[in-house]
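Scroll down for the structure; my scribbles are underneath it.
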2 protein chains.
Amino acid sequence: MLRVMVVDDQALVRRGFALILDNEPDIEVVAEAGTGIEAVEAARAHQPDIILMDIRMPEMDGLEATARILEASDAICRIIILTTFDPDEFVFRALRAGASGFVLKDIPPEALVQAVRTVAEGGAMLAPGITQRLISQFAQKLGTGHNLAERLERLTTREREVLEAIAAGKSNAEIAETLFIGPATVKTHVSSLLSKLGLRDRAQAVVFAYECGLATVGERDVGF
Amino acid sequence: MLRVMVVDDQALVRRGFALILDNEPDIEVVAEAGTGIEAVEAARAHQPDIILMDIRMPEMDGLEATARILEASDAICRIIILTTFDPDEFVFRALRAGASGFVLKDIPPEALVQAVRTVAEGGAMLAPGITQRLISQFAQKLGTGHNLAERLERLTTREREVLEAIAAGKSNAEIAETLFIGPATVKTHVSSLLSKLGLRDRAQAVVFAYECGLATVGERDVGF
DNA sequence: GAGCATCTCCACCTTTTGGGGGAGGTCCGA
DNA sequence: TCGGACCTCCCCCAAAAGGTGGAGATGCTC
């Protein structure tokens, strides 16, 4: 039995969703909440499997509530954001907060039920248009790198290693240490790779490394 | 009427999908193909709206075929990859090739029909687990930036502008030109922002800019 | 009006960087 | 075995970058 909680500041809407879900034999609506704060408390009290969460609410919005609920160490629930609008900003904030779904309120009831089941099984459900945008952004980031990655192949192994170190923000002296070679050698490699790639200085080399995928956002602590 | 083409090397599977879709009043299967090469030709000849494409096929795989079909200037179709497996590698290659959907063959028939309709309407449909992974990757890349983005707020407007220019691979002299200020002033700003952010040199500043989201992969020509 | 932050610029200095050229070594394939 | 690619290191030099300290101008708030 899937234990579901519905969060929306409009009681009518809330009840509507609850009735649709309660009508399913394997779904039980165990709680409702009208504000973000109520949602956080109710989530703790009832420990639902799935939460349907509106964004626009008084006291605390749904994104904030989502983040807080998922931060709780004992939280095992998964959250679907259910809203009327889909501006990018909301979507990204929701996904960052840890939401497993983002669907618009205009979807047919069966699709809502399906979304709940999908998310309960560990999947994720996004409105089709949002999936589309996510894919575009992703494909763009993956795609651009490729013509650049060819330029990478012109470098020798050692030069690529040095470039990686540069992209990690290391100075020539530090690179020398990590690669167990002399500083002079590092300078040779740096000069060589800059010239091969048509770059002017190490700052441009860092840009190049990110753009071609040699370095990736998120893989590094910026704790210089 | 949605004109659909089904591509799969196993005739039985192909016919099965075609029958399921043809059973819908608003969907018409206008072509079938058993290899990637056939698919490319048939797509040109029949100009379907939607193509269901298997990955594993002789002669030319579905991903290659997808890329070629979408490269054709007159192509207006959208492609759904339909496969038995979902290794990350395939998914990413498919999305880069321009696929609008990636679903597994074990989905129920109604879901397949739904996927076709969704994609035809301009949306995208991914298998729930894939959506989940896409979100994770995305949230990770977005998430890391935020504690760093706070550090950004310690900078003045001008300093942020200078940092952006640094992240574009510009030298101090070039920054001075683009911001219409003297080189000495640029140096002042650079020193100031490095010290505020706890960085040592402009290369680290570039790393920081990418990690915190001030600079993003794909927004720049690396044509220094 | 005093204090504060910001933007602008200057001079002086040290360190780092990047370019040029050379040189010895290994390893691999022609 | 010879040439070529690669890695290693050296020297010298000029340019760029970064640190320090100072200073005038603006605009804001208390």
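Because only heavy atoms are used, hydrogens play no part in the values below, and waters and symmetry mates are left out as well, while side chains stay in. Here the structure is a predicted model, which means the values were calculated and not measured.
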- Message: Using modelled atom types and a 3.5 Å cut-off, is there a donor and acceptor pairing between side-chain atoms of Arg200(B) and backbone atoms of Gly169(A)?
- Response: yes

- Query: Going by an N to O cut-off under 4.0 Å, is there a salt bridge joining Lys105(B) and Asp54(B)?
  - Reply: yes

List the atom pairs, with distances to 0.1 Å, where a side-chain N or O of residues 33-44 of chain B and a protein N or O form a donor-acceptor pair under 3.5 Å, not counting sequence neighbours.
unit_1: Thr35(B); atom_1: OG1; unit_2: Ile37(B); atom_2: N; d: 3.4
unit_1: Thr35(B); atom_1: OG1; unit_2: Glu38(B); atom_2: N; d: 3.1
unit_1: Glu38(B); atom_1: OE1; unit_2: Gly34(B); atom_2: N; d: 3.0

- Any Leu126(A) side-chain heavy atom under 4.5 Å of Leu95(A) side chain: yes

- Item | Partners meeting side chain to side chain donor-acceptor pair (under 3.5 Å) with Glu59(A) (sequence neighbours left out) | none

- Item | Partner residues of Arg78(B) under the side chain to side chain donor-acceptor pair (under 3.5 Å) criterion, sequence neighbours left out | Gln132(A), Ser100(B)

- Task: Taking salt bridge (Lys or Arg N to Asp or Glu O under 4.0 Å) as the test, write out the residues that go with Glu164(B), two or more places apart.
- Result: none

- Message: Considering only residues two or more places apart or on different chains, which pairs with a residue in residues 182-196 of chain A satisfy side-chain hydrogen bond (donor to acceptor under 3.5 Å, both in side chains)?
- Response: Glu159(A)-Ser192(A), Glu159(A)-Lys196(A)

- Query: Of the residues in residues 155-171 of chain A, which ones touch DNA chain C at a heavy-atom distance under 4.0 Å?
  - Reply: Ser171(A)

- Query: Do Arg56(A) and Thr83(A) have side chains that get closer than 4.5 Å, going by heavy atoms?
  - Reply: no

- DNA chain D: first to last nucleotide in contact with chain A (atom under 4.0 angstrom from a heavy atom), 5' to 3', is dC6(D) to dC10(D)

- Query: With sequence neighbours excluded, what pairs up with Glu177(B) under the side-chain contact (heavy atoms from CB on, under 4.5 Å) test?
  - Reply: none

- Ordered by number, residues from residues 181-207 of chain B within less than 4.0 Å of DNA chain C (heavy atoms) are Ile181(B), Gly182(B), Ala184(B), Thr185(B), Thr188(B), His189(B)

- Task: Using the salt bridge (charged side-chain N to carboxylate O under 4.0 Å, His left out) rule, take Arg68(B) and Glu71(B) through it: C-alpha gap first, then chi angles, then the decisive distance, then the call.
- Result: CA-CA 5 Å; Arg68(B) 296 217 186 169; Glu71(B) 268 169 19; over 6 Å; no

- Message: Does any part of the side chain of Asp61(A), heavy atoms only, come nearer than 4.5 Å to the side chain of Arg93(A), both counted from C-beta?
- Response: yes

- Query: How would you list, by chain and number, every residue that makes a ring pair (Phe, Tyr, Trp, His ring centres under 6.0 Å) with Phe102(A), sequence neighbours excluded?
  - Reply: none

- Hey, does the side chain of Asn172(B) reach the backbone of Ile175(B) with a donor-acceptor pair shorter than 3.5 angstrom? no

- Task: Check each residue of residues 172-180 of chain A for a non-hydrogen atom within less than 4.0 Å of any atom in DNA chain C, then write out the ones that pass by number, or none.
- Result: Asn172(A)

- Under the 3.5 Å Watson-Crick or G-U criterion, the dot-bracket string of DNA chain D, with | for inter-strand pairs: ||||||||||||||||||||||||||||||

- Distance from Leu52(B) atom CG to Phe17(B) atom CZ, nearest 0.5 Å? 7.5 Å

